[in-house]
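One structure is given here, and the rest of the page talks about it.
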Amino acid sequence: MHWSNSSYARCVFMNNVFEGGVAANDHSAHTYSSCLVVHNRPFEQVWQNNDSRMFFDNCVIIGNGDAVPLMFLRHGSASFRQCTLLNAGILNRGAEDNRGTLSIEHSLIGGMGTALMDIPAGMEKRVMLSGNLYFGDRGFRVAGKLLLPGEVPGSFDVNSQWYDGKPAGRLEAELPRAVRRKNAAGEERRVGAALPESVWRSYAKYLHVETSPAGVSFPADGRR
């Protein structure tokens, strides 16, 4: 909120029932490194609002497989590097007057319901995509036009490609084998996230914790 700054490393954000899974407002700035964002409902997993800034590095962000977008964007900036972004109605929803920027590089993106990503007319110059892997049977929607699966948007996407397989493993969010793509400097970088084992252990530990507006319940001992 306001002018705050925060940094999160190896955290799990799940089962949130109030606002987005992670949220930023006003002029705040937040960094998420090697984090898992999953099972938050009924809203998006990520809220980037007003002039806030959010940076995600090596994070796995998974929607609930319904019509809700994975993230909401407005005015500020959202950047993703070596992330895995999966299973929502569409990757992004923006306010009609959105003047923010979106940057995604060396990330795995797919499993969307209506379109892979929505790039409204006028936003093309504020979207930067590079070295990503896309998969699934939904294409991009650019300036209202729906591209076919396999078509990569033109001027704002560099060195990305479509992937003919799909993720497997834990939460079906891991590539069967590592894939690398070159960055702007010609250096090869892993595509998608590779979370530390400690994050997966935390996820398993708290998976069955129940949350509601009334509070948090720990089924093992009945505490609230």
For [X] and [Y], work out which heavy atoms get closest and say how close.
X: R138; Y: W162; result: O-CH2, 3.1 Å
X: S160; Y: S130; result: OG-C, 3.7 Å
X: P176; Y: Y163; result: CD-OH, 3.5 Å
X: F135; Y: G165; result: CB-O, 3.8 Å
X: P149; Y: G136; result: CB-O, 4.1 Å
X: V12; Y: Y203; result: CG2-N, 4.0 Å

Residues forming a salt bridge (charged side-chain N to carboxylate O under 4.0 Å, His left out) with [X], sequence neighbours excluded:
X: R81; result: D57
X: E174; result: R170
X: R141; result: D118

Spatial distance of atom [atom1] ([X]) from atom [atom2] ([Y]) [nearest 0.5 Å]:
X: D26; Y: N49; atom1: CG; atom2: CG; answer: 8.0 Å
X: H27; Y: S4; atom1: NE2; atom2: OG; answer: 11.5 Å
X: C59; Y: L195; atom1: SG; atom2: CG; answer: 7.5 Å

Are any side-chain N or O atoms of [X] and backbone N or O atoms of [Y], one a donor and one an acceptor, separated by less than 3.5 Å?
X: N50; Y: S52; answer: no
X: R10; Y: S34; answer: no
X: T114; Y: G89; answer: yes
X: N15; Y: V209; answer: yes
X: S202; Y: W200; answer: no
X: N40; Y: E44; answer: no
X: T84; Y: A193; answer: yes
X: E124; Y: G122; answer: yes
X: N132; Y: L108; answer: no
X: S103; Y: S79; answer: no

Quick check on the hydrophobic clustering: are [X] and [Y] connected, directly or via other members, by side-chain heavy-atom contacts under 4.5 Å?
X: I90; Y: I109; answer: no
X: L102; Y: F55; answer: no
X: M123; Y: M54; answer: yes
X: L73; Y: V142; answer: yes
X: V216; Y: L36; answer: yes

Just one of N92, L91, V127 clears the side chain to side chain contact (heavy atoms under 4.5 Å, CB included) bar with I104, so which one?
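With I104 as partner, side chain to side chain contact (heavy atoms under 4.5 Å, CB included) holds for just one option, L91.
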Taking the six-membered ring for Trp, is the centroid-to-centroid distance between Y206 and H39 below 6.0 Å?
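Distance test on ring centres: not under 6.0 Å, no.
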We want to know whether Q82 and N58 form a side-chain donor-acceptor pair, criterion being a heavy-atom distance below 3.5 angstrom.
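Note: Q82 and N58 side chains miss the donor-acceptor criterion.
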Would you call the rings of F13 and Y8 parallel, tilted or perpendicular, where under 30° means parallel and over 60° means perpendicular?
perpendicular
According to the interplanar angle, ranging from 0 to 90°, do the rings of F56 and F80 count as parallel (below 30°), tilted (30 to 60°) or perpendicular (above 60°)?
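Parallel: the ring planes of F56 and F80 meet at under 30°.
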Check side chain to side chain contact (heavy atoms under 4.5 Å, CB included) between R53 and all other residues, then give those that pass, not counting sequence neighbours.
A29, S77
Got a sec, which pairs hit salt bridge (Lys or Arg N to Asp or Glu O under 4.0 Å) with one end in residues 178-195, sequence neighbours left out?
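The answer is E187-R189.
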Enclosure of E172 CD (heavy-atom neighbours >12, cutoff 6.0 Å)
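No - once you tally the heavy atoms of other residues, nucleotides and ligands closer than 6.0 Å, there are 12 at most.
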Does the side chain of [Y] come within less than 4.5 Å of [X]'s, by heavy atoms?
X: I61; Y: Y32; value: no
X: Y134; Y: D157; value: yes
X: V60; Y: V38; value: no
X: L171; Y: L86; value: no
X: F156; Y: L129; value: yes
X: V22; Y: H30; value: no

With side chain to side chain donor-acceptor pair (under 3.5 Å) as the rule and sequence neighbours excluded, what pairs involving residues 62-72 come up?
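Output for this query lists R41-N64.
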